[in-house]
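Heads up, the thing below is written out as C-alpha cells.
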Amino acid sequence: MYLAKVMGTIVASQKYPKFQGMKLLLIQPYVSADKALVPQGSSIVAVDCVTCGVGDLVMFTQGSSARMTECTKDSPVDAVIIGIVDSVEVNGKALKNP
Amino acid sequence: MYLAKVMGTIVASQKYPKFQGMKLLLIQPYVSADKALVPQGSSIVAVDCVTCGVGDLVMFTQGSSARMTECTKDSPVDAVIIGIVDSVEVNGKALKNP
Amino acid sequence: MYLAKVMGTIVASQKYPKFQGMKLLLIQPYVSADKALVPQGSSIVAVDCVTCGVGDLVMFTQGSSARMTECTKDSPVDAVIIGIVDSVEVNGKALKNP
Amino acid sequence: MYLAKVMGTIVASQKYPKFQGMKLLLIQPYVSADKALVPQGSSIVAVDCVTCGVGDLVMFTQGSSARMTECTKDSPVDAVIIGIVDSVEVNGKALKNP
Amino acid sequence: MYLAKVMGTIVASQKYPKFQGMKLLLIQPYVSADKALVPQGSSIVAVDCVTCGVGDLVMFTQGSSARMTECTKDSPVDAVIIGIVDSVEVNGKALKNP
C-alpha cells in the first residue's frame, strides 16, 4: 500500500455500469523523505471504501488486491482507499500530517 | 485508475483473435499538478468500453482488473477505458479540461 | 498495452520447460510524443503470439493478462506480443512508423 | 521481491475490517549499487508476516503474490514483508547492513 | 520478462515458511541500449528455478506469473528466474554478454 492525500473528486456520468454508486476520489501519493511526508508520483483515481474526505491522509491498495473489498469485488477497479491514517511514526517520532 | 486524454486510434490487422472487434485507442495519461491537468508518463494502448472519442478526458484501469468488463473478459488486455470524465474538482474548484 | 518495436531475438537453452518452443523476442517500448513515435523505457523480453519479426511495430500485453493467450496459458510469462500495428493515427494524421 | 529497511509504524483506526490486527509498517526500499545497499524509490506501507521491527533489513513481496500468506489471504493487501535478511553477498563479499 | 545479471545471494533465516529451500538471488536488470546490454533499474530478489549462478545473464518473470512454476506455486513470490540467456541478437549481431 502507499500513503496518499485526498485531493478532490471525479465526476463521470458515462462510465462502466459497475462504477454506479462508487465514490471516485483523486488522490496524490505521499512518501516519507527526510522525516517528512512529501508528495511524489502521479495522481490516481481511487474508489473510497472507508468514507474519507478531501484533505485526509489515507492508505490505498493497487492491482488485483484492489478488488478484495466488498465495494470493489469483481469490478474493473485497480485502486482502492482502505484506511484513514491517524499517524505515521518514524524513529519514535510522528511525522507531521501534510 | 488514472486519468488520460484520448489521442488517437490504432489499426492492427494481424492480431490475437480475441481483439477482433475491439476498439483500440491511444491514450496519454494526465495527472493533477499545480491545480491543472498535465500530461505525464508513457502513452498507452487501451480498449474502449464506454464509446469515447479522440479528445475525451477518460479514466482507465490497468492490470488484471482490465479484464473485469464484458468487452475484455478472458482477453489478453491490460488496459481498458472505463469512464468519460465530466469534471475533476480539487479544493472546491474544477480543473480545466485539457 | 504498449507499443514497441521488435529489436532482436533471445536464445536460452537452459530454461523453464514451459518455454520450450516459444519464440522470445527483445522489444523496445515506443511512445507517442510530439507527433512522433519515440523509444522510451526499458527493453523487454516478450513471447511472440502473432508471428512478427525484427523491425515490426507491435503491441504487447503485460502482467497476468499476458497468460490469456493459447501460447502462454498457465506459463510463467509476463509479456506477450498480441498484434502487429499497421498504423497509429493521432489527430487525423498517421504517425511515421519508426 | 525487493529489499527494504523498516522505517516506522502506521496507525489507522478507521480502516477496512480485514486490516484489524494486522501490523502495518512503513518501509523504504533499498537497492544494491556500487557494492552498498542504498535507499531508492518510494516508501511503502507493508503488512508484517515475520515479526520484524524498526531498523530491520527485510524482503517484501508486492501485487497479488502479497495475498499468498496466511495473514494476508483474501485481503486487499498489495505488499507484505516475508523475511528478515541476515546478509546480502555480492561477488563473495557481504554488503554492509545499512 | 526482463534480462538481468545475477549479482549475489541473500541469506534470510527468519522468513515465511514457504521460502524454506528456495534459492534467493540478488539480480540487476539489464536493458539493451546503443547496441550493448547495460544495467538499469533497481536490484531485485528473485527465486532461482533454473539452477543459475552469480555472473549469469538470465531472464526473470514478475508479478502473478512468477507463481506459475513448480518451485514457486502458491507462494508469496513475485519474481522468478526462468532462463539462462545464451545470446541476445540485435540487428543480426550478438550483444556482448556483460
Side-chain angles (χ1 to χ4, degrees), chain C residues 2 4-30 38-49 52-56 58 60-82 98, chain E residues 1-4 6 28-42 44 46-53 56-73 75 77-98:
Chain C
Y2 288 96
K5 197 173 170 182
V6 181
M7 305 303 284
T9 53
I10 306 286
V11 178
S13 43
Q14 192 172 335
K15 59 194 164 190
Y16 191 72
K18 284 257 190 185
F19 282 91
Q20 297 299 344
M22 285 188 192
K23 189 167 75 172
L24 295 170
L25 296 175
L26 187 74
I27 62 175
Q28 171 61 54
Y30 269 68
V38 296
Q40 190 173 85
S42 302
S43 58
I44 289 172
V45 180
V47 173
D48 176 22
C49 273
C52 60
V54 172
D56 282 344
V58 297
F60 68 100
T61 293
Q62 287 180 294
S64 64
S65 296
R67 300 196 307 270
M68 297 292 126
T69 73
E70 285 302 313
C71 52
T72 56
K73 203 181 163 184
D74 299 329
S75 297
V77 166
D78 62 8
V80 66
I81 297 169
I82 46 80
Chain E
M1 289 72 67
Y2 288 96
L3 300 172
V6 181
Q28 170 62 52
Y30 270 68
V31 301
S32 162
D34 294 327
K35 302 178 183 173
L37 291 173
V38 296
Q40 189 173 86
S42 304
I44 289 172
V47 173
D48 176 21
C49 271
V50 292
T51 320
C52 60
D56 282 343
L57 183 66
V58 297
M59 294 185 298
F60 69 100
T61 293
Q62 287 181 293
S64 63
S65 296
R67 301 196 308 271
M68 297 291 128
T69 72
E70 284 304 312
C71 52
T72 57
K73 202 181 162 184
S75 296
V77 166
D78 63 9
V80 65
I81 297 170
I82 46 80
I84 301 178
V85 175
D86 298 320
S87 67
V88 179
E89 195 167 287
V90 171
N91 294 324
K93 230 175 137 176
L95 299 187
K96 200 168 170 290
N97 194 326

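So that the names make sense, note that chain A is the first sequence line, chain B the second, and so on, each numbered from 1. Because only heavy atoms are used, hydrogens play no part in the values below, and waters and symmetry mates are left out as well, while side chains stay in. Only a predicted model underlies this, so the values are computations on that prediction, with no experimental measurement involved.
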Determine the option with the most heavy-atom pairs under 4.5 angstrom with chain C, choosing from E:Val80, E:Val58, E:Thr61, E:Leu57.
-> E:Thr61
Candidates E:Val31, E:Leu37, E:Leu3 - the one meeting side chain to side chain contact (heavy atoms under 4.5 Å, CB included) with C:Leu26 = E:Leu3
Find the one option among C:Pro39, C:Pro76, C:Ser64, C:Ala12 whose heavy-atom pairs under 4.5 Å with chain E are most numerous.
-> C:Pro76
Choice from E:Ser32, E:Pro29, E:Ala66 maximising heavy atom contacts with chain C below 4.5 Å = E:Ser32
Could you check which of E:Asn91, E:Thr51, E:Val85, E:Leu95 has the highest count of heavy-atom pairs closer than 4.5 Å to chain C?
-> E:Val85
Side chain, backbone, both or neither: which part of C:Asp78 has an atom under 4.5 Å from a heavy atom of chain E?
-> both
Does atom CD of C:Gln20 have more than 12 heavy-atom neighbours from other groups under 6.0 Å away?
-> yes
Here the gap from E:Tyr2 atom OH to C:Ser43 atom OG, rounded to the nearest 0.5 Å, amounts to 8.5 Å
Is E:Ile82 close to C:Lys18 at the side-chain level, that is, under 4.5 Å between some pair of heavy atoms?
-> no
Quick one: closest heavy-atom pair of C:Val77 and E:Met1, and the distance?
-> CA-SD, 3.8 Å
Is E:Met59 close to C:Ile10 at the side-chain level, that is, under 4.5 Å between some pair of heavy atoms?
-> yes
Pick from C:Val54, C:Thr72, C:Asp74 with the largest number of heavy-atom pairs that fall under 4.5 Å of chain E | C:Asp74
OG of E:Ser65 to CD of C:Gln62: how many Å apart, nearest 0.5 Å?
-> 10.5 Å
Distance-only side-chain donor-acceptor flag, E:Gln40 / C:Ser42, under 3.5 Å | yes
Would you say C:Gln14's side chain and E:Val50's backbone share a donor-acceptor pair under 3.5 angstrom?
-> yes
Heavy-atom donor-acceptor pair, C:Tyr16 side chain to E:Ile81 backbone, under 3.5 Å = no
